[in-house]
J.: 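Before I ask anything, here is the structure I am working with.
Remember, predicted model here, so these are calculated numbers, not experimental data. For ligands, and for the atoms within them, numbers begin at 1 and follow the listed sequence.
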Amino acid sequence: MVVIWMERVGILVVSYGSRAAAIIDAFVRSEEYATEIYVVDKQKNPFNVKTAKRHAVISDFNLKEILRFAKRHEERIDFGIVGPEKPIIAGVRDLIEKETRIRIICPTKRYAIEGSKVAQRQLFQKVAPEVNPKFKVFDPKDYGSVGQVKKSVYAWLKELNNKVAVKPDRATAGKGVGVWGDHLNTPEEVFEHFLSNYEHGPVIIEEKVQGEESSFQTFCDGKRLIPLPETRDYKRAFDNDKGPNTGGMGSYKDAADILPFMNSRDREKEIELINKVFRELKGKGSNPELRGIPFYAAFIHTDKGPKILENNSRPGDPEIMNLMPILKDDFVEVCYNMLDGNLRKVNFRKEATVVTYKVPPNYGGYATVFPERVDKAEVDTAVDLTRAQKLVKERGDSIRVYPGSMELRAGENYALGSRTVCIVGIGEDIQEARESSLEGIGAIKGGALWHRNDIAAKEHIEKSVRHMKKLRRR
Ligand code: GLY
């Protein structure tokens, strides 16, 4: 009998949703390390509970509680990684690295530029103004009364012909943004949406840009940025991009690094632009404070080149789930390279992936808009993942199940308020990956969950290709 010795590694994972399940899955699939996972979670995520050596629920991501958990297991933990924006922006890395010897993968508070959309726009304006649409910041500090700001807002709307996007300064994980023609149809609606955000702080009103979106994520070791393959997120709740914005109902990745509506020049331009921002933040030499995923930029490809809708300082959800299952390299090794400032390349299999989320009846207002589609008897019943998990066992290379906003109670899984569970389909091309994703979705029963039917649909992708061709002809 050959006994293979594997080095033990203890990893702290701060988790919110399916994104962390995909990250943990990549760790435990390591063939070089015996992983021991220590999870701080939003709730009792069934996948994480089953996989973790130690699991703690700290729903509000209170930093002191997270630190207490890290300290309790400090002797066993080699490094940590953080998925959700809230603790990153609050400075979880700064605190843990100050109080323990555990090194953390995510930017420090200072470099979590997701924390302020205004600061982001100003940074881009300084180093890469071409990525910004026309924008104006309305800060409550600059206006005495609602009447004053109203006058200013209406004048700006007139200048932009009402074609605007309204964005709160604070991070809202892709939600909270109102767009003319999508969610807002009159100047009064724009102003109402503006005011609901202005009550909480500065708001940006910017020119609405026409184009096709792609998500650009990067790993960073403080010295270099390693761009990850492109993905496309489906933000709107309902089929045909209708309904309110959500955290993302699904996403796709092509077998190549770019998407079907992009060309290699688009990708080069994105890399060039984000590197400009990186160099500005990094300064001379290396800046380990940027380690992690400091740039997950939502780009929109327009007739005037790529523009940035917003930048996040964390992995995208669902976009990172398109990538973790097809990582060729050992993820523990990738993380050590990030920690040691030694990350030169990250290799992915040349496969397509499609993520589809199942969500509860009230998510995105579905039960109100389509009450006839909700099976009332199934609402709040347990969600059965058995058949979907069986598919993973049978065909591990083409399908993955990642629970998100789902809680384990007395051995059964229950949906909470946000995106419940996703299926990643993997294939040679997007349509093959989509079939697997939908097969997994069909195997999940209970909870009156629903999903978008057009994630990565051929017609949807062809529409994007036609749209981009038209824009490029302008
Ligand atoms: N997919 C949207 C987000 O992660 O913010």
Side-chain angles (χ1 to χ4, degrees), residues 13-23 42 61 81-89 106-107 112-117 120 165 167-179 182-183 197 204 212-219 228-238 241 243-253 259 270 274 292-301 307-324 353-359 363-364 402-405 417-424 437 451-452 454-456 460 464:
V13 179
V14 181
S15 154
Y16 181 138
S18 304
R19 174 175 51 197
I23 288 173
K42 175 96 181 139
F61 294 119
I81 185 164
V82 187
E85 63 275 15
K86 191 175 167 203
I88 298 178
I89 293 167
C106 77
I113 68 167
E114 174 165 9
S116 165
K117 287 200 185 63
Q120 278 181 34
K167 298 181 170 176
D169 179 42
R170 67 191 194 286
T172 53
K175 295 164 250 178
V177 173
V179 179
D182 293 344
H183 322 98
N197 286 297
I204 302 175
E212 291 295 325
E213 287 181 37
S214 71
S215 299
F216 178 88
Q217 303 175 86
T218 54
F219 283 154
L228 308 184
E230 301 281 330
T231 53
R232 166 66 174 245
D233 186 15
Y234 284 67
K235 286 209 173 58
R236 308 288 290 276
F238 310 138
D241 297 322
N245 272 355
T246 66
M249 297 294 289
S251 50
Y252 68 82
K253 176 207 167 284
L259 300 172
E270 287 181 343
I274 294 295
I293 300 196
F295 304 108
Y296 144 37
F299 270 102
I300 182 157
H301 300 271
K307 306 257 173 214
I308 297 181
L309 294 173
E310 64 178 42
N311 184 73
N312 304 294
S313 315
R314 58 173 170 87
D317 179 350
E319 294 98 316
I320 204 70
M321 287 92 89
N322 287 98
L323 304 178
M324 297 317 288
T353 56
V354 172
V355 180
T356 313
Y357 256 121
K358 268 198 141 171
V359 299
Y363 193 71
Y402 296 132
S405 179
S418 195
R419 293 169 291 175
T420 313
V421 53
C422 79
I423 300 282
V424 188
S437 178
H451 62 279
R452 260 182 82 156
D454 62 346
I455 307 292
H460 195 283
S464 298

J.: Hydrogens and angles aside, do Asp233 and Ser251 bring a side-chain donor and acceptor to less than 3.5 Å of each other?
T.: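 Per modelled atom types, Asp233 and Ser251 side chains form no pair under 3.5 Å.
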J.: Determine yes or no for a side-chain-to-main-chain donor-acceptor pair under 3.5 angstrom, with Tyr234 supplying the side chain and Ala456 the backbone.
T.: yes
J.: Counting each atom of ligand 1 from 1 as listed, which ones have a heavy atom of Glu319 under 4.0 Å away?
T.: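 Taking each heavy atom of Glu319 in turn, ligand 1 has 1 (N) under 4.0 Å.
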J.: With heavy-atom distances below 4.0 Å as the criterion, list the atoms of ligand 1 near Gly316.
T.: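 In order of numbering, the contacting atoms are 4 (O).
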J.: When you compare ligand 1 with Glu310, is there at least one nitrogen or oxygen pair between them that comes in under 3.5 angstrom?
T.: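 There is no such contact.
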J.: Under the side-chain contact (heavy atoms from CB on, under 4.5 Å) rule, what do Asn197 and Arg170 come out as? Steps first, then yes or no, please.
T.: CA-CA 9 Å; Asn197 286 297; Arg170 67 191 194 286; 3.8 Å; yes
J.: If we only count N/O pairs under 3.5 Å, is Asp317 in contact with ligand 1?
T.: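 Between Asp317 and ligand 1, an N or O pair is found under 3.5 Å apart.
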J.: Need the ligand 1 atom indices (1-based, order shown) with element for anything under 4.0 Å from a heavy-atom of Asp233.
T.: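 Ligand 1 atoms under the 4.0 Å threshold to Asp233: 1 (N), 2 (C).
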J.: Treating Ser214 as the side-chain partner and Thr231 as the backbone partner, does any N or O pair qualify as donor plus acceptor under 3.5 Å?
T.: no
J.: List the steps and the verdict of side-chain contact (heavy atoms from CB on, under 4.5 Å) for Ile320 and Ile293.
T.: CA-CA 11 Å; Ile320 204 70; Ile293 300 196; 4.1 Å; yes
J.: Is there a donor-acceptor pair closer than 3.5 Å between any side-chain N or O of Glu114 and the backbone N or O of Asn312?
T.: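 Checking the backbone N and O of Asn312 against the side chain of Glu114, no donor-acceptor pair under 3.5 Å is found.
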J.: Evaluate Arg19 for polar contact with ligand 1, using N/O atom pairs at a separation under 3.5 Å.
T.: no
J.: Using distance alone, decide if ligand 1 has a nitrogen or oxygen within less than 3.5 Å of any nitrogen or oxygen in Gly247.
T.: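 Yes; the residue has a nitrogen or oxygen that sits under 3.5 Å from a nitrogen or oxygen of the ligand.
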J.: Looking at ligand 1, is there an atom of it that comes within less than 4.0 Å of some heavy atom belonging to Arg314?
T.: yes
